[in-house]
Amino acid sequence: MSPTAASTRTGRRIEVAVRERAKLGEGPTWDPATGRMVWVDILSARIHTFDPADGRRTVMATEQHVGAALPRAGGGLVVNLRDGIGLYGPGGDFSWLVHDPVPGRRGNDAAVAPDGALWAGSMRYDEAPGGGTLIRVVRDPSGGSAAVTDTRAVTVGNGTGWSPDGRTMYYIDTPTGRIDRFRADRHSPGEPLVDQGPLATIEPGTGYPDGLTVDADGCVWVALWDGAAIRRYTPDGELDRTVELPVLRPTSCAFGGPGLRDLYITTARVGVVGPHPLTGSLLVLPDAGQGVPDTPFAG
C-alpha cells in the first residue's frame, strides 16, 4: 500500500489498498473466513477480492451488472445482480435465488441483517423516482426457494446497516439526502418498517449520501458521492469526524483487516472529468476505529 497526500482532519493518512480504475466501485465487505475484502465494480460486472496480509487480489466476472457481493454462511457469495439475487457456491457454481428481471432496473447496494436476512436495494438506470425497491430476502431452511418478505419503493436503494445492539436499522435512499432510521428489533417480516426519523441530513452542496457502515461505538460512517469525503455521525446524529479524500466520488466504506480496525473505501470514476489518478481505487484509512463483524447471509 502506498500513502497519498490526503489526510483526515485528525491527521491520519489515506493509503491506496488497490490501485484500480473501477467504473463504479461499491460494496466493500470483510470476509473473515478468507481474510479478504470483497468489493464490486458494478458497471464493469466484476467482483474483486483483496488480501491485506499479502496483497493478493482476485477478479471474477459476472454475467450482469453486480451491485453487491456478500459472504454466505456456508461459503460462497450472495450477489445483487441486474435481474435479481443470485448465489455463488464455494466452487463458483451459480444459481438464482430470486429471479425478477425488470427492464431498465438493476441491483445496487445490499447488506445482511443480524438475523442473516439479506436487504437488497435496486434502482432504475435512469434514476426515475420510485423506480427502485428495498427488499428483504430469506432462504427456505431446506435450501430451496427464497421468500421476499418486504418490498419498499425507493429511488436509489443504497447504504444499509444496523446498530451494534440490533435495535436500529440505518438506510439511505440517496436522492433524499438523509440517513434514515428504522426500528429493527420489533420489525415483523411483511410489516411496514417503523420510521424513527432521520439520523442526519446532508447539507446541499456537500455531496450525496451513498454507502455506510456502523462501528462498535454505534457511530455511522457514510460516503459522500460528489463530496470527496467520509463522515462519521454519532448515534445522536452529531457529526464528529470528517475524512477528506483524494477522490470526488467515494461510494461506500467498511471495516476490515486485523481486528477490523482499518476503514476501506470504494470509489467511482464514472462521470468524473479531469485528472484524478486515484479515482476508482480501493482506499484505506488505517486504524480508523473499531468495526463490528458482519453477519454472513444465512442461505
Enquirer: Determine, step by step, whether Ile172 and Arg178 satisfy the side-chain contact (heavy atoms from CB on, under 4.5 Å) criterion, reporting the C-alpha distance in whole Å, the side-chain angles of both residues, the deciding distance to 0.1 Å, and the verdict.
Expert: CA-CA 6 Å; Ile172 292 171; Arg178 302 188 309 265; over 6 Å; no
Enquirer: Mind listing the closest non-hydrogen atom pair of Pro296 and Ala73 along with its distance?
Expert: CB-N, 3.6 Å
Enquirer: Using the side-chain contact (heavy atoms from CB on, under 4.5 Å) rule, take Phe297 and Leu70 through it: C-alpha gap first, then chi angles, then the decisive distance, then the call.
Expert: CA-CA 7 Å; Phe297 176 59; Leu70 305 164; 5.7 Å; no
Enquirer: Test of understanding: clusters of I, L, V, M, F, W, Y form through side-chain heavy atoms closer than 4.5 Å, transitively. Do Leu248 and Leu282 belong to the same one?
Expert: no
Enquirer: Check whether any side-chain N or O of Thr160 sits under 3.5 Å from a backbone N or O of Ala111 as a donor-acceptor pair, and report yes or no.
Expert: no
Enquirer: Between Thr251 (side chain only) and Ala268 (backbone N and O only), is there a donor and an acceptor less than 3.5 Å apart?
Expert: no
Enquirer: Between Asp195 (side chain only) and Phe182 (backbone N and O only), is there a donor and an acceptor less than 3.5 Å apart?
Expert: no
Enquirer: Has the side chain of Arg249 got a donor or acceptor atom that lies under 3.5 Å from a matching backbone atom of Trp225?
Expert: no
Enquirer: Donor-acceptor pair, Arg183 side chain versus Gln196 backbone, under 3.5 Å?
Expert: no
Enquirer: Donor-acceptor pair, Ser281 side chain versus Leu283 backbone, under 3.5 Å?
Expert: no
Enquirer: Are Val59 and Val18 in one and the same hydrophobic cluster, where Ile, Leu, Val, Met, Phe, Trp and Tyr link if side-chain heavy atoms are under 4.5 Å apart?
Expert: no
Enquirer: I would like to know whether Trp221 and Asp215 meet side chain to side chain donor-acceptor pair (under 3.5 Å); could you show each step before the answer?
Expert: CA-CA 8 Å; Trp221 299 70; Asp215 67 21; 2.9 Å; yes
Enquirer: For Arg46 and Val66, what are the C-alpha separation, side-chain angles and deciding distance, and is it a side-chain contact (heavy atoms from CB on, under 4.5 Å)?
Expert: CA-CA 7 Å; Arg46 298 288 188 272; Val66 55; over 6 Å; no
Enquirer: Is it the case that atom OH in Tyr208 sees more than 12 heavy atoms from other parts of the structure closer than 6.0 Å?
Expert: no
Enquirer: Do any N or O atoms from the side chain of Thr267 and from the backbone of Gly280 form a donor-acceptor pair under 3.5 angstrom?
Expert: yes
Enquirer: Using every non-hydrogen atom in the two residues, find where Ala68 and Asp109 come nearest and quote the distance to one decimal.
Expert: CB-C, 4.3 Å
Enquirer: Between Tyr171 and Trp119, does the ring centroid distance fall short of 6.0 Å?
Expert: no
Enquirer: What are the two closest heavy atoms between Ala184 and Trp162, and how far apart are they?
Expert: CB-CD1, 4.0 Å
Enquirer: Apply side chain to side chain donor-acceptor pair (under 3.5 Å) to residues Asp240 and Thr234 and explain how you reach the verdict.
Expert: CA-CA 7 Å; Asp240 78 335; Thr234 70; over 6 Å; no
Enquirer: May I ask you to decide whether Arg231 forms a salt bridge with Glu203, counting only side-chain N to carboxylate O separations under 4.0 Å?
Expert: yes
Enquirer: Say whether, by atom type as modelled, one donor and one acceptor occur between the side chain of Asp262 and the main chain of Asp287 under 3.5 angstrom.
Expert: yes
Enquirer: Hey, what's the ring geometry for Phe94 with Trp96, parallel, tilted or perpendicular (30° and 60° as the breaks)?
Expert: perpendicular
Enquirer: Please name the pair of heavy atoms, one in Gly121 and one in Asn80, separated by the smallest distance, quoted to 0.1 Å.
Expert: O-ND2, 2.8 Å
Enquirer: Salt bridge between Asp115 and Arg136, side-chain N to carboxylate O under 4.0 Å?
Expert: yes
Enquirer: Start with the C-alpha gap between Thr49 and Thr58, add the side-chain angles, then the distance that decides, and say whether side chain to side chain donor-acceptor pair (under 3.5 Å) holds.
Expert: CA-CA 5 Å; Thr49 73; Thr58 68; 2.5 Å; yes
Enquirer: Can you name the closest pair of heavy atoms from Ser252 and Gly27 and give their distance?
Expert: CB-N, 4.1 Å
Enquirer: Near Arg21 CZ, under 6.0 Å, is it more than 12 heavy atoms from other residues, nucleotides or ligands?
Expert: no
Enquirer: Look at the side chain of Asp41 and the backbone N and O of Lys23, then say whether any donor-acceptor pair between them is shorter than 3.5 Å.
Expert: yes
Enquirer: Starting from Ile230, can I reach Leu199 by hopping between I/L/V/M/F/W/Y residues whose side chains sit under 4.5 Å apart?
Expert: no
Enquirer: Membership question, hydrophobic clusters at under 4.5 Å side-chain separation (ILVMFWY): are Val79 and Leu118 in the same one?
Expert: no
Enquirer: Can Gln290 and Asp217 be said to form a side chain to side chain donor-acceptor pair (under 3.5 Å), step by step?
Expert: CA-CA 8 Å; Gln290 180 61 61; Asp217 295 325; over 6 Å; no
Enquirer: Might you point out which heavy atoms bring Gly55 and Phe50 nearest each other, and give the distance in Å?
Expert: CA-CE1, 3.8 Å
Enquirer: Set out, in order, the CA-CA distance, both residues' side-chain angles and the distance that settles side-chain contact (heavy atoms from CB on, under 4.5 Å) for Asp100 and Asp83, then state yes or no.
Expert: CA-CA 5 Å; Asp100 182 27; Asp83 292 346; over 6 Å; no
Enquirer: Got a donor-acceptor contact below 3.5 angstrom from the Arg56 side chain to the Asp51 backbone?
Expert: no
